There are 2 protein chains.
Amino acid sequence: MKRDGRRQAIMDFLIEARAVGLDELADRFGVSKMTIHRDLDDLEQAGLLRKMRGGATIETGTRFESDFRIRELQDADAKARMATAALDLIEPGMTVMINDGSMAAVLGARLPEKAPLTVITNNAAVIDRLKGLPRMTLIALGGEYSAKFNGFFGVVTETALSRLRADLAFISTPAVAGLQAFHMDDAAVQAKRAMIGAAGRSVLLVNHRRFGRPALHLLADLAEFDAIITDASPSVESRDAIAGAGLQVTIAKD
Amino acid sequence: MKRDGRRQAIMDFLIEARAVGLDELADRFGVSKMTIHRDLDDLEQAGLLRKMRGGATIETGTRFESDFRIRELQDADAKARMATAALDLIEPGMTVMINDGSMAAVLGARLPEKAPLTVITNNAAVIDRLKGLPRMTLIALGGEYSAKFNGFFGVVTETALSRLRADLAFISTPAVAGLQAFHMDDAAVQAKRAMIGAAGRSVLLVNHRRFGRPALHLLADLAEFDAIITDASPSVESRDAIAGAGLQVTIAKD
DNA sequence: ATAATTCAACATAAATTATGTGATTTTGTT
DNA sequence: AACAAAATCACATAATTTATGTTGAATTAT
């Protein structure tokens with residue numbers, strides 16, 4: 001196991017266990033304590049954990065848990081499957097919009113498979129991955145940078161969107177309740193809504209565990225989306241409600 | 001001499017001589033022909049030269065201004081000094097605009113010294129450096145990504161600028177002739193002009209060697225700038241012309 | 001006070017990257 | 001078509017960078 005794999009594993013473990021001892025890690029990976037020290041130092045530097053005497057923790061509640069870098073590591077498999085399902089909807093030559101969020105970042109990274117494409121996004125991770133790639137036209141939306149969401153938001157973003165049109169918008173959401181999608185942040189909602197308005201068709205991406213929990217701000221009615229992609233079957237009530245409304249949900253398989 | 005230095009030297013030589021033989025390069029640097037082949041392949045890949053049987057040439061015409069990755073290495077010392085002089089004009093709390101280009105990237109990297117600041121830019125290098133830093137508000141302008149300039153340009157960029165105001169805009173230029181600044185690319189000119197229009201005061205940054213050579217597109221009259229910063233005294237004629245017009249040029253010292 | 005832990009400095013190992021060599025293929029010229 | 005120069009390929013080696021380990025001094029918790 002190489003350095004990056006080890007660090008990934010440390011994070012995986014930490015997300016489960018909330019805390020871990022330094023000796024335990026050195027033991028488990030068969031490396032010296034010094035190496036673990038260095039791993040933890042770098043991970044702390046990246047804002048992924050909090051180093052403490054004798055080990056490290058993930059700080060619950062605070063900015064740590066909600067940080068996008070951690071989210072990108074969570075449920076990596078589900079995200080990969082959903083990205084594959086989303087890619088099926090894309091044809092070379094299209095113009096697609098990608099919103100903020102780690103799910104969108106995973107999808108964005110795989111867009112070159114469908115080149116040539118025009119990609120419009122306010123997601124900093126997607127911009128970094130795509131810039132300079134051949135046969136990809138990248139249009140960044142601009143806006144005020146948000147470290148929390150690793151993206152660009154605000155009037156600049158929305159004004160830019162009001163002047164653009166795309167074939168397909170991929171919108172991700174952390175909360176679906178009843179027949180509506182929610183989001184905890186107003187600025188993100190505004191950007192997402194502007195994208196839906198600027199796209200011919202919109203696709204909602206949502207982890208199956210996020211069904212049945214609302215958040216502060218209403219994002220959109222599920223009926224506004226032309227497709228809904230998730231990674232596994234949601235709870236019975238959610239499923240029934242959605243089926244009852246005549247909406248189709250795509251469950252991404254292996 | 002290391003690989004990058006050698007490649008830089010190849011480019012320097014080529015800019016003078018327009019063409020060079022492969023054997024000659026292998027000889028001059030004391031490396032094998034294969035190594036020169038690889039250098040030329042990579043430089044061609046980066047769009048910096050045209051490889052030909054037995055050697056390489058610089059494409060005649062406009063495109064020869066070097067790639068931004070190499071440009072960042074050129075005249076690093078002059079850039080650092082000019083950045084220092086530019087920083088002197090910034091007060092904490094200001095809103096500043098930074099345009100594209102490697103000179104601007106060097107300045108952008110040092111902006112945290114003057115935090116808190118609001119920074120508005122279409123320069124991808126500056127966005128990368130500044131995002132997520134505390135006490136820095138970063139507003140990216142968006143636009144279509146240009147690999148050649150490592151920045152964002154086009155209507156999206158200009159529309160965003162039409163809605164924003166800054167205290168100070170830093171504009172860099174690769175060419176000054178007479179009492180006017182020039183640039184080889186129209187899209188970059190549009191963005192720079194929009195910045196000048198959106199800023200209370202504008203500062204021109206220009207390497208002293210760039211005086212006396214025009215480029216395809218007119219960027220602005222020197223009189224439009226509130227300050228002009230360079231790294232060393234320009235040629236006598238240029239200096240006389242500028243002094244004659246009553247314009248002040250700041251020469252950045254050590 | 002002391003035992004555990006962290007940190008810094010250096011040494012070594014592992015991996016990556018750059019370069020060279022010679023065989024093989026391509027290209028231009030006659 | 002035949003030839004020589006040049007380009008390319010595949011692999012070996014060298015140089016450089018990065019990762020890890022070890023030791024001992026400094027720090028910290030109890």
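Computed from a predicted structure; not experimentally measured. Chain letters run A, B, ... following the sequence lines, proteins first and then strands; every chain starts at 1.
- B/Asp39 and B/Arg3 are not joined by a salt bridge, as no carboxylate oxygen comes within less than 4.0 angstrom of a charged side-chain nitrogen.
- For A/Thr35, counting side-chain heavy atoms from C-beta on, the closest listed nucleotide (D/dT8, C/dT6, D/dG21) is D/dG21.
- A straight line from CG of A/Asp39 to P of C/dC7 spans 14 Å, rounded to a whole angstrom.
- For the residue pair A/Thr84/A/Arg110, the side-chain donor-acceptor check at 3.5 Å is satisfied.
- Both B/Arg53 and A/Ser32 sit near DNA chain D, but only B/Arg53 has its closest nucleotide nearer the 5' end.
- One atom, CZ of B/Arg38, and another, C1' of C/dT17, lie 11 Å apart when rounded to the nearest Å.
- Atoms CZ (B/Phe29) and P (C/dA18) sit 17 Å apart, rounded to a whole Å.
- Side-chain nitrogen and oxygen atoms of B/Lys51 include at least one within less than 4.0 Å of the OP1 or OP2 phosphate oxygen of D/dT8.
- As a whole-Å value, the separation of A/Leu25 CG from D/dT20 P is 14 Å.
- A salt bridge does not link A/Asp231 to A/Arg209: none of the charged side-chain nitrogens sits closer than 4.0 Å to a carboxylate oxygen.
- Atom CE of B/Met34 is separated from atom P of D/dC9 by 8 Å (rounded to the nearest Å).
- When rounded to the nearest whole Å, the span between CZ of A/Arg3 and C1' of D/dT18 equals 8 Å.
- Taking 4.0 angstrom as the limit, B/Arg6 places a side-chain polar atom (N or O) nearer than this to OP1 or OP2 of C/dT19.
- Remark: P of C/dT17 and CG of B/Asp4 are 13 Å apart, rounded to the nearest angstrom.
- Note: CG (B/Leu22) to P (C/dT19) measures 14 Å, nearest angstrom.
- The neighbour count for A/Met34 CE, taken as heavy atoms of other residues, nucleotides or ligands under 6.0 Å away, is above 12.
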